[in-house]
**Q** 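One structure is given below, represented as structure tokens, and several questions about it will come after.
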Amino acid sequence: MLLEQQCLGRSALIAIRQAKKTLANAACMIEHARFYIDMKTMTPLEEMRHSAAHILATAVLRLFPEAKLDIGPPTDTGFYYDFDLEHKFTAADLERIEDEMRKVIKENQRFERIEATRDEAEALFTKLNQPYKIIRLADIPDGEPVTFYRNGEFTDLCAGTHVNYTKQVKAIKLLSIAGAYHKGDEKNKQLQRIYGTAFPSKEELEHYLQQLEEARKRDHRRLGKDLKLFHIDEAVGQGLILWTPNGSIVRQELQNFILDELQRQGYQQVFTPHIGKLGLYRTSGHFPYYKESQFMPIIERDAMDDMVHRGCSCAELSNSVDEGDVDGYLLKPMNCPMHIKIFDSQPHSYRDLPVRLAEFGTVYRWEQSGELNGMTRVRGFTQDDAHIFCTEEQVASEISGCLELVKTVFSTLGMKDYRVRIGLRDPDSSKYTGDGALWDKAEAALRQVAGTLGVPYTEEPGEAAFYGPKIDFVVRDVIGREWQLGTVQVDYNLPIRFDLSYVGPDNKPHRPVMIHRAPFGSMERFTGVLIEHFAGNFPTWLAPEQVRLLPITDDQVPFCKEVQAKLKAAKVRCSIDDQSDKLGAKIRRAELEKVPYMFVVGKNEAAEGKVTVRSRVRKSVEGARSTAEAIDLLLTEIASRQLPEA
RNA sequence: GCCCUUGUAGCUCAGCCGGUAGAGCGCGUCCUUGGUAAGGACGAGGUCGGCGGUUCAAGUCCGCUCGAGGGCUCCA
């Protein structure tokens, strides 16, 4: 990926990624077409990796002649090839295959491009008994040439391109085996995918593997355990985060930060319960549209007893719930319906608008077990949510205000590596509610404001919410997975579904427009990403412990306690390391726990009322300062939410 | 949900072809009172994720189950 970035630059990469995505989404384009076109835009590195994929297939066929091949493209970080094979690949197989690949490389086979007719291609793959290739062949759009690439005894349906000789593939490594559905469709057979990577040199491969290792060290699941930030307990449930004291401090500080901003922007805080009646979510559309990704409804006891008495089957119960014949409660999957009800509890004049209702609202969603991931994909999470009810004319400026807020959050935390995505509806899907004309209006409004954002953005059909289009801020984690954080969504639909209105200057009822927005997105996911962003080295304002006092001998403990009292009075989070260790050991401990500042106190400091400051970043000794001065510097840094020095 | 891998002390991990558990770190106590990333001694911690099976004997083999990791699919 690094190499690609060097070659292409980030914006070009995003553009390519987007081009691929657009292609994938285009209704008439099946996956092979995407594959086909990817092939034509390959960088030299991708070309080499794609060649490595063919070498992998060559080796697998030598060891497992009965293997059926699907496809083997390059990826951002390497390549893969999908196989259908009775035998399950093992780690030991991977080694054997890798050895065989080295042999193929050594044989220095030539990659040869061959054009053919469809009939010739079909005849060849029938002869070779490669059914997936015949399916892929049928997917090549009419008019596109059919080409093979041949190396040694191996011939593959392939648009290319490739390196000239196998020896040009310098350093390879097979990394993992995974299941992958044929053509990415759950209904199709699951094939075995072998992932690997290849580099122009052994050194670069080593460097990449080291990077992987480094990434693992800053994984939020690792750091969350090491720094005692959060805990997930089997007994509590999958995907349910327990915020431990340290993590809670980080979250609380983040919340305080956003609360400051909200107050400035004229938001009002509200609180709402964790459950609400099913009917509410039928009205909003959440229950019908996303039933599968919600926890089962809670059925009222009387209704349940009644059904049991009547000898109802589970299927009948389930049907009654769906039909609305039986009522119950739902763990709330979103906060909007409740905020809508707060808005609607009073008549509103146009003079009141915009009404901005904010809440750290906890929502619950039934994510598939295989999707759960640390803090970034969970089943219960708290959104820094708000809903703005405004007039048509106010929409643009309100969206701008929201985007400003997201930008403030990102810049305060020094998060520069994000991309902006406009999620539009997929015209061919039925998962959206409301009138197409209103959607067009909402999409236009978002586009217009996004244009003034000053950062590049991409438009992606199929990424909208069911009630409206949105602008998302997306970041990558250390493993390279993308996560949506901040989001701003325009909604013309829920106001209709809930029949909301305000009184206009003409003394007539008008329909307000809603904006849903969450600058962090979810506290859980944001914190997880933030842990990785800082590698656990939080800026002082967020650090669970801000100062560690290090007495050199027990004699300085009383003075340290005095300093500690002053720090605590100034609301600085601190502790004293009074264990019977040498200074070096205490420093090491504080460093490992990533405490931003250490105040070292020896005989001299205690006598003069001073402390020697050692910062986590500037390891060196900075000389003794008076306690008051040290605290002042610290408070300034905290109040300004300063970022750690690079 | 599906595929593959995996589950031994608080953490990281050893434990060969079955003979009822080890290390380092951490933790506790004591000694040591020292100037910028590990001072020393002793000690306490484990029904080897859970259930069942094979066996004279299971951490080790088999089945089921729960959790975790990597993917795939999904993601308001």
Side-chain angles (χ1 to χ4, degrees), chain A residues 75 80 82 88-91 93-94 175-195 216 219 221-222 225-226 228 232-235 237-239 281 284-287 289-294 333-336 363 365-374 376-379 383 423 431-433 462-468 470 479 481-484 487 489 491 494 516 518 525 550-557 578-593 598 600-605 612-616 619-622 624:
Chain A
T75 66
Y80 66 80
D82 287 346
K88 302 287 178 205
F89 289 125
T90 63
D93 291 334
L94 238 48
L175 296 170
S176 61
I177 307 158
Y181 300 106
H182 171 57
K183 287 192 187 182
D185 189 335
E186 216 177 353
K187 290 180 207 82
N188 289 341
K189 182 161 188 191
Q190 195 162 54
L191 311 176
Q192 298 187 70
R193 175 172 296 179
I194 296 182
Y195 278 98
R216 254 172 233 133
D219 188 310
R221 291 166 296 188
R222 171 83 261 133
K225 201 175 263 189
D226 289 348
K228 302 185 178 70
I232 299 171
D233 198 290
E234 271 187 51
Q238 290 181 284
Y281 293 99
S284 69
H286 291 109
F287 187 63
Y289 281 90
Y290 286 96
K291 199 165 60 110
E292 276 68 42
S293 15
Q294 287 161 6
M334 279 194 121
N335 301 303
C336 21
V363 297
R365 298 180 188 176
W366 184 260
E367 302 287 358
Q368 299 188 85
S369 62
E371 286 311 328
L372 299 170
N373 186 74
T376 47
R377 189 85 183 261
V378 293
R379 283 185 175 160
Q383 299 176 313
K431 69 170 193 175
Y432 306 99
T433 177
E463 291 292 326
F466 75 88
Y467 46 74
K470 53 184 188 152
I479 308 184
R481 289 189 275 220
E482 285 201 324
W483 301 104
Q484 174 203 312
T487 182
Q489 313 174 352
D491 178 6
L494 290 184
H516 310 236
R525 177 177 291 178
L550 307 182
I552 289 181
T553 76
D554 290 349
D555 295 340
Q556 287 87 48
V557 171
D578 57 2
Q579 294 198 46
S580 66
D581 279 312
K582 288 192 191 174
L583 182 61
K586 295 184 185 189
I587 287 174
R588 182 183 143 81
R589 193 151 45 229
E591 288 279 353
L592 290 175
E593 289 169 29
M598 292 163 233
V600 178
V601 176
K603 203 165 53 198
N604 303 333
E605 289 90 340
T612 296
V613 179
R614 184 192 207 271
S615 92
R616 180 183 58 195
K619 311 289 184 198
S620 58
V621 186
E622 292 173 11

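Everything numeric in this text was worked out from a predicted model, so none of it was measured.
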**Q** So what's the dot-bracket for RNA chain B: Watson-Crick or G-U pairs under 3.5 Å, [ ] if a pair crosses, | if it pairs off-strand?
**A** (((((((..((((.....[..)))).(((((.......))))).....(((((..]....))))))))))))....

**Q** Who passes side chain to side chain donor-acceptor pair (under 3.5 Å) against A:E591, sequence neighbours left out?
**A** A:R614, A:K619

**Q** Protein within reach of the bases, or only the backbone? For nucleotides 2-10 of chain B, mark each nucleotide 5' to 3' as B, S or -, using heavy atoms under 4.0 Å.
**A** BBS------

**Q** Whole-Å distance between B:rC72 P and A:Y80 OH?
**A** 8 Å

**Q** When you check the gap from the basic side-chain N to the acidic O, do A:D581 and A:R589 get nearer than 4.0 Å?
**A** yes

**Q** Rounded to whole Å, how long is the line connecting atom CG of A:L583 with atom C1' of B:rG35?
**A** 5 Å

**Q** To the nearest 0.5 Å, what is the distance between CD (A:E367) and OG (A:S293)?
**A** 7.0 Å

**Q** Using only heavy-atom distances, determine whether the side chains of A:Q383 and A:N335 contain a donor-acceptor pair under 3.5 Å.
**A** yes

**Q** How far does CD of A:Q294 sit from OH of A:Y281, to the nearest 0.5 angstrom?
**A** 9.0 Å

**Q** Within the structure shown, what part of the strands sits under 4.0 Å from A:Y195 by heavy-atom distance: base, sugar-phosphate, or nothing?
**A** sugar-phosphate

**Q** Could you check whether A:I479 gets within reach of a base, just the sugar-phosphate, or nothing at all, counting any heavy atom under 4.0 Å?
**A** sugar-phosphate

**Q** In whole angstrom, give me the gap between the C1' atoms of B:rA9 and B:rC4.
**A** 29 Å

**Q** Across the strands shown, which category fits A:E593 at heavy-atom distances under 4.0 angstrom: base, sugar-phosphate, nothing?
**A** nothing

**Q** With distance as the sole test, does A:Q190 use its side chain to make a donor-acceptor pair with the main-chain N or O of A:H182 at under 3.5 Å?
**A** no

**Q** Does A:K228 have any salt bridge (Lys or Arg N to Asp or Glu O under 4.0 Å) partners at least two apart in sequence or in another chain, and if so, which?
**A** none

**Q** Is A:F466 stacked on the base of B:rA76, meaning ring centres closer than 5.5 Å and planes within 30 degrees of each other?
**A** no

**Q** Nearest whole angstrom, please: distance from the P of B:rU36 to the NZ of A:K582.
**A** 10 Å

**Q** Atom pairs under 3.5 Å, N or O on each side, protein against nucleotides 29-32 of chain B: can you list them with distances?
**A**
{"residue": "B:rC31", "atom": "N4", "partner": "A:S580", "partner atom": "OG", "Å": "3.3"}
{"residue": "B:rU32", "atom": "O4", "partner": "A:S580", "partner atom": "OG", "Å": "3.4"}

**Q** Apply side-chain contact (heavy atoms from CB on, under 4.5 Å) to A:M598 and A:I587, showing your working.
**A** CA-CA 8 Å; A:M598 292 163 233; A:I587 287 174; 4.0 Å; yes

**Q** A:R525 near the nucleic acid: base, sugar-phosphate alone, or nothing, with a heavy-atom cut-off under 4.0 Å?
**A** nothing

**Q** Whole-Å distance between B:rG69 C1' and A:R216 CZ?
**A** 10 Å

**Q** Is B:rG45 syn or is it anti, if syn means the base angle is within 90 degrees of 0?
**A** syn

**Q** Between A:Q579 and A:P333, who's closer to the 5' end of RNA chain B by nearest nucleotide?
**A** A:Q579

**Q** Just to be sure I understand the rule, does A:N604 reach a base, reach only the sugar-phosphate, or reach nothing, if contact means heavy atoms closer than 4.0 Å?
**A** base

**Q** Once ring-ring contact (aromatic ring centres under 6.0 Å, His included) is applied, do any residues pair with A:Y432, and if so which ones, sequence neighbours excluded?
**A** A:W439

**Q** Can you tell me how far P of B:rG39 sits from CD1 of A:I587, to the nearest Å?
**A** 11 Å

**Q** P atom, B:rG28 versus B:rG45: distance in rounded Å?
**A** 15 Å

**Q** For A:G584, answer base if it contacts any base atom (sugar-phosphate contacts may also be present), sugar-phosphate if it contacts only those atoms, and nothing otherwise; contact means non-hydrogen atoms under 4.0 Å.
**A** sugar-phosphate

**Q** Rounding to an integer number of angstrom, what distance separates B:rC13 and B:rG59 when you compare their C1' atoms?
**A** 15 Å

**Q** Could you walk me through whether A:E605 and A:I552 pass the side-chain contact (heavy atoms from CB on, under 4.5 Å) test, one step at a time?
**A** CA-CA 10 Å; A:E605 289 90 340; A:I552 289 181; 5.5 Å; no

**Q** Hey, could you give me the CZ/CZ distance between A:R221 and A:R216, rounded to the nearest 0.5 Å?
**A** 10.5 Å

**Q** Going 5' to 3' through nucleotides 42-47 of chain B, assign each nucleotide B (protein heavy atom under 4.0 Å from a base atom), S (under 4.0 Å only from sugar-phosphate atoms) or - (no protein heavy atom that close).
**A** ------

**Q** Regarding A:D581, tell me which of base, sugar-phosphate or nothing describes its non-hydrogen contacts under 4.0 Å with the strands shown.
**A** base

**Q** If I pick the C1' atom on B:rA38 and the same atom on B:rG34, what distance separates them, to the nearest angstrom?
**A** 14 Å

**Q** Have a look at A:R589 and say if it touches a base, only the backbone sugar-phosphate, or nothing, with a 4.0 Å heavy-atom cut-off.
**A** nothing

**Q** So, using salt bridge (Lys or Arg N to Asp or Glu O under 4.0 Å) as the criterion, who are the partners of A:D578 when residues are at least two apart?
**A** none

**Q** Just call it for A:N373: base, sugar-phosphate, or nothing, with non-hydrogen atoms closer than 4.0 Å on any strand.
**A** sugar-phosphate

**Q** With rounding to the closest Å, how many angstrom separate the P atoms on B:rG49 and B:rU8?
**A** 6 Å

**Q** Return the set of residues passing ring-ring contact (aromatic ring centres under 6.0 Å, His included) with A:F466 (not counting sequence neighbours), or none when no residue passes.
**A** A:H286, A:Y289, A:Y290

**Q** What is the distance from CG of A:D185 to P of B:rG1, rounded to the nearest Å?
**A** 19 Å

**Q** Rounded to the Å, how far apart are A:Q368 CD and B:rG1 P?
**A** 8 Å

**Q** Distance check, rounded to the nearest 0.5 Å: A:T553 atom OG1 versus A:K582 atom NZ?
**A** 14.0 Å

**Q** Grab the CZ-C1' distance between A:R616 and B:rA37 for me, whole Å please.
**A** 15 Å

**Q** For side-chain contact (heavy atoms from CB on, under 4.5 Å), just list the numbers for A:Q484 and A:K470, CA-CA rounded to whole Å, side-chain angles, deciding distance to a tenth of an Å, and then say yes or no.
**A** CA-CA 11 Å; A:Q484 174 203 312; A:K470 53 184 188 152; 3.0 Å; yes

**Q** Measuring from atom OH of A:Y467 to atom CG of A:L494, what distance do you get when rounded to the nearest 0.5 angstrom?
**A** 7.0 Å

**Q** Taking any heavy-atom pair under 4.0 Å as a contact, classify A:Q238: base, sugar-phosphate, or nothing.
**A** sugar-phosphate

**Q** Output a table of nitrogen or oxygen pairs between the protein and nucleotides 11-16 of chain B separated by less than 3.5 Å.
**A**
{"residue": "B:rU12", "atom": "OP1", "partner": "A:R222", "partner atom": "NH1", "Å": "3.3"}

**Q** Rounding to an integer number of angstrom, what distance separates B:rU60 and B:rA21 when you compare their C1' atoms?
**A** 12 Å

**Q** List the residues meeting salt bridge (Lys or Arg N to Asp or Glu O under 4.0 Å) with A:R525, not counting sequence neighbours, and say none if there are none.
**A** none

**Q** Can you sort out the partners of A:D491 under salt bridge (Lys or Arg N to Asp or Glu O under 4.0 Å), two or more places apart, ordered by chain and number?
**A** none

**Q** Would you classify A:E605 as touching base, sugar-phosphate or nothing, given that sugar-phosphate means primed atoms plus P, OP1 and OP2, and contacts are heavy atoms under 4.0 Å?
**A** base

**Q** Would you confirm whether A:R365, through its side chain, and A:R379, through its main-chain N or O, come within 3.5 Å as a donor-acceptor pair?
**A** no

**Q** Counting only distance, no hydrogens or angles, is the base of B:rC72 paired donor-acceptor with the side chain of A:R193 under 3.5 Å?
**A** no

